[in-house]
Undergrad: 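Pasting in a structure now, in structure tokens, and then I'll have a few things to ask.
Order of the sequence lines sets the chain letters (A, B, ...), proteins ahead of strands, with each chain counted from 1.
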Number of protein chains: 2
Amino acid sequence: MARTGDSTRTATVSALDALDFALDRGSPVPLYYQLAQQLEEAIEHGVLAPGNLLGNEIDLSVRLGLSRPTVRQAIQSLVDKGLLVRRRGVGTQVVHSQVKRPLELSSLYDDLESAGQGPTTRVLRNERIPASAEVAAALGIAEGAEVVVLERLRCTHGQPVAFLCNYLPAALLELDTERLETTGLYRMMRTAGITLHSARQTVGARSATAEEAVRLDEKEGAALLTMRRTAYDDTGRPVEYGSHVYRASRYAFDFQLLVRP
Amino acid sequence: MARTGDSTRTATVSALDALDFALDRGSPVPLYYQLAQQLEEAIEHGVLAPGNLLGNEIDLSVRLGLSRPTVRQAIQSLVDKGLLVRRRGVGTQVVHSQVKRPLELSSLYDDLESAGQGPTTRVLRNERIPASAEVAAALGIAEGAEVVVLERLRCTHGQPVAFLCNYLPAALLELDTERLETTGLYRMMRTAGITLHSARQTVGARSATAEEAVRLDEKEGAALLTMRRTAYDDTGRPVEYGSHVYRASRYAFDFQLLVRP
DNA sequence: TAGTGGTCTAGACCACAGT
DNA sequence: CTGTGGTCTAGACCACTAC
């Protein structure tokens with residue numbers, strides 16, 4: 001009943017009508033991606049409120065001067081991100097969720113770098129050693145092959161938060177100690193052209209040993225959060241194996257899971 | 001140099017040539033999905049080994065009697081799963097990874113149900129109460145609105161593993177205590193037509209209180225793994241809020257992260 | 001230069017939801 | 001019934017990679 005007296009088509013009013021999208025066909029960035037970005041922005045800024053219908057894909061493609069598959073590709077990417085829901089016979093609407101921003105997988109790029117303010121890193125060890133059996137198995141290389149071992153202490157507000165131990169195939173990357181203290185390991189890997197793709201993680205807990213207690217400024221027996229991770233690049237080759245220990249009193253993993261049907 | 005003396009086209013040999021795919025156009029299951037499933041199976045069974053090229057999409061579509069977009073859709077779904085990698089100018093190859101199976105997000109459907117053998121659940125509490133401020137905030141409902149509170153003790157091999165406390169909007173679902181003891185909560189929700197879509201989790205650790213120690217058969221002060229989670233359905237509405245405590249000596253979270261560019 | 005994936009088009013028919 | 005998204009086709013041109 002809430003319709004405009006439009007003519008050509010039964011044009012249900014949609015919050016989208018007000019928006020105009022600026023698509024640049026000369027740009028190297030794909031059209032579907034430009035559209036997706038602008039839609040995402042509109043959702044974030046609340047121009048498209050949760051529950052709003054997006055208007056059907058055909059009209060949308062006509063209005064934008066795009067083909068329907070291209071519009072679908074844009075919408076699909078936002079559905080994958082969890083920002084939109086499609087319902088056959090109904091339409092596409094903005095998801096009813098207060099959780100809008102933290103959809104990306106964090107904790108893979110620097111665990112703390114982005115979270116705590118002013119994190120610092122002290123590199124305790126950075127050298128090449130032959131791989132132990134455990135490390136070799138995790139990295140899929142021969143036992144005894146050369147790897148870089150890295151031990152770092154991560155602090156925020158002058159207090160230690162985590163002790164990080166990482167192993168990387170020696171040939172992979174030059175690890176400058178100085179840069180490691182100002183940049184995260186993953187950022188360095190990305191800069192070196194290594195594109196991370198997936199990681200297998202195990203998160204557990206245990207009581208602090210005497211040594212760990214000293215290192216992290218905790219009492220012996222305090223609860224610690226532990227994490228073991230093997231990270232893979234986009235070809236599926238293991239590029240990093242890490243064994244981290246966090247002070248549970250000062251850190252927790254926070255992440256978003258997406259269930260794919 | 002390793003080519004067949006084929007004619008029509010420069011047909012690079014691919015492990016795929018040997019396979020034949022059975023596509024059923026009468027089936028209600030989409031063609032791209034049928035193809036994706038059979039490709040995935042071939043990869044899992046090792047018919048397509050890591051590093052194998054898939055052969056170009058055009059040839060593949062011709063061989064299968066499909067259009068290229070359809071073939072691409074199938075391949076794309078496996079790329080999304082992390083089983084394949086595409087490289088422009090090179091081709092599509094099977095990922096170099098030993099991690100093949102645990103790509104799905106587990107730990108969202110029953111944390112232990114699938115892992116530990118013979119898990120049992122004892123429902124300690126199952127009643128309707130007014131929502132506390134914390135629960136109301138997590139579920140996006142009014143404080144004091146009716147919610148179901150669930151307390152369960154999960155055991156394997158006769159030993160307690162976790163204490164699970166969950167809150168659900170009361171109108172959402174009928175929770176039969178008896179069925180809860182044999183089925184996971186998420187399975188019950190799925191059966192009730194609630195399709196989970198995403199979840200926000202916080203994983204931490206702390207020392208066991210005296211009460212928790214008794215409940216979980218640990219010593220007071222032992223390290224425990226904690227998890228708080230809000231789960232959302234496919235419209236983004238919160239459908240469950242949980243606060244779980246695991247015995248760190250007997251359980252760890254194990255999961256796979258996928259990085260989307 | 002040749003071959004690959006990345007993008008895009010302009011249609012088509014179908015299945016499902018709400019009327 | 002109408003309108004929606006879901007699937008599919010048969011092409012096209014481009015950008016990148018490797019030779």
Undergrad: Round to a whole Å and report the spacing from CG of A:Asn56 to C1' of C:dG18.
TA: 15 Å
Undergrad: Using a cut-off of 4.0 Å on non-hydrogen atoms, how would the nucleic acid contact of A:Pro28 be classed: base, sugar-phosphate, or nothing?
TA: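 The residue A:Pro28 makes no contact with any strand.
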Undergrad: Between B:Arg86 and A:Val90, which has a closest nucleotide on DNA chain C that is more 5'?
TA: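 Its nearest nucleotide lies further toward 5', so the answer is B:Arg86.
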Undergrad: Write down the distance between CD (B:Gln76) and C1' (C:dT7), rounded to a whole number of angstrom.
TA: 12 Å
Undergrad: Quick check: on DNA chain C, is the nucleotide nearest A:Gly89 upstream (toward 5') of the one nearest A:Val71, or the reverse? Name the residue that is more 5'.
TA: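 Nearest nucleotide further toward 5': that of A:Val71.
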Undergrad: Between A:Gly91 and B:Leu31, which has a closest nucleotide on DNA chain D that is more 5'?
TA: A:Gly91
Undergrad: Ignoring backbone atoms, test whether B:Tyr32 places a side-chain nitrogen or oxygen under 4.0 Å from the OP1 or OP2 oxygen of D:dC8.
TA: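 No.
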Undergrad: Taking the side chain of A:Ser67 as its heavy atoms from C-beta onward, which of D:dG6, D:dG11, C:dA10 lies nearest to it?
TA: C:dA10
Undergrad: Between A:Arg179 and A:Glu174, is the closest basic N to carboxylate O distance under 4.0 Å?
TA: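 Not counted as a salt bridge, because no side-chain N and carboxylate O are separated by less than 4.0 Å.
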Undergrad: Quick one: label A:Pro30 by what it contacts on the DNA or RNA (base, sugar-phosphate, nothing), any heavy atom closer than 4.0 Å.
TA: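 Sugar-phosphate, no base atom in range.
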Undergrad: So, is A:Thr92 near the phosphate of D:dT4, with a side-chain N or O under 4.0 Å from OP1 or OP2?
TA: no
Undergrad: If we count only N and O atoms by modelled type, under 3.5 Å, do the side chains of A:Arg86 and A:Gln93 hold a donor and an acceptor together?
TA: no
Undergrad: How many whole angstroms separate atom CG of A:Leu60 from atom C1' of D:dG3?
TA: 15 Å
Undergrad: For the pair made of CZ in B:Arg25 and C1' in D:dT7, what is the distance, rounded to whole Å?
TA: 11 Å
Undergrad: Between D:dG6 and A:Arg68, counting only base atoms on the nucleotide and side-chain atoms on the residue, is there a donor-acceptor pair under 3.5 Å?
TA: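 It does, because a donor-acceptor pair links the side chain of A:Arg68 to the base of D:dG6 below 3.5 Å.
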Undergrad: In the structure I gave you, are the side-chain heavy atoms of A:Tyr241 and A:Arg228 within less than 4.5 Å of one another anywhere?
TA: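 With C-beta onward as the side chain, the pair touches.
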Undergrad: Starting at CZ of B:Arg87 and ending at P of D:dA15, how long is that distance when rounded to a whole Å?
TA: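 Going from CZ in B:Arg87 over to P in D:dA15 covers 21 Å.
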Undergrad: Taking the minimum atom-to-atom distance to the side chain of B:Arg88, which one of C:dA10, C:dG5, D:dA18 wins?
TA: C:dG5
Undergrad: I need the minimum non-hydrogen distance between A:His197 and A:Asp233, along with the two atoms involved.
TA: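 Of all heavy-atom pairs spanning A:His197 and A:Asp233, the closest is CB-O, 3.4 Å.
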Undergrad: B:Tyr33 has an atom OH; how far is it from atom C1' of D:dG6, in whole Å?
TA: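 Rounded to whole Å, this separation is 15 Å.
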Undergrad: Rounded off to whole Å, could you give me the CG-to-C1' distance for the A:Leu66 and C:dT7 pair?
TA: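 Atom CG in A:Leu66 sits about 12 Å away from atom C1' in C:dT7.
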Undergrad: Using the side chain to side chain contact (heavy atoms under 4.5 Å, CB included) rule, pick out the option among A:Tyr167, A:Tyr232, A:Tyr186 that qualifies with A:Glu240.
TA: A:Tyr186
Undergrad: Return yes if the base of C:dT7 and the side-chain atoms of B:Arg72 contain a donor-acceptor N/O pair under 3.5 Å, otherwise no.
TA: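 Answer is no: no donor-acceptor pair is held.
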Undergrad: Between D:dT9 atom P and B:Gln73 atom CD, what is the distance in whole Å?
TA: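 For the pair B:Gln73 CD and D:dT9 P, the rounded distance is 10 Å.
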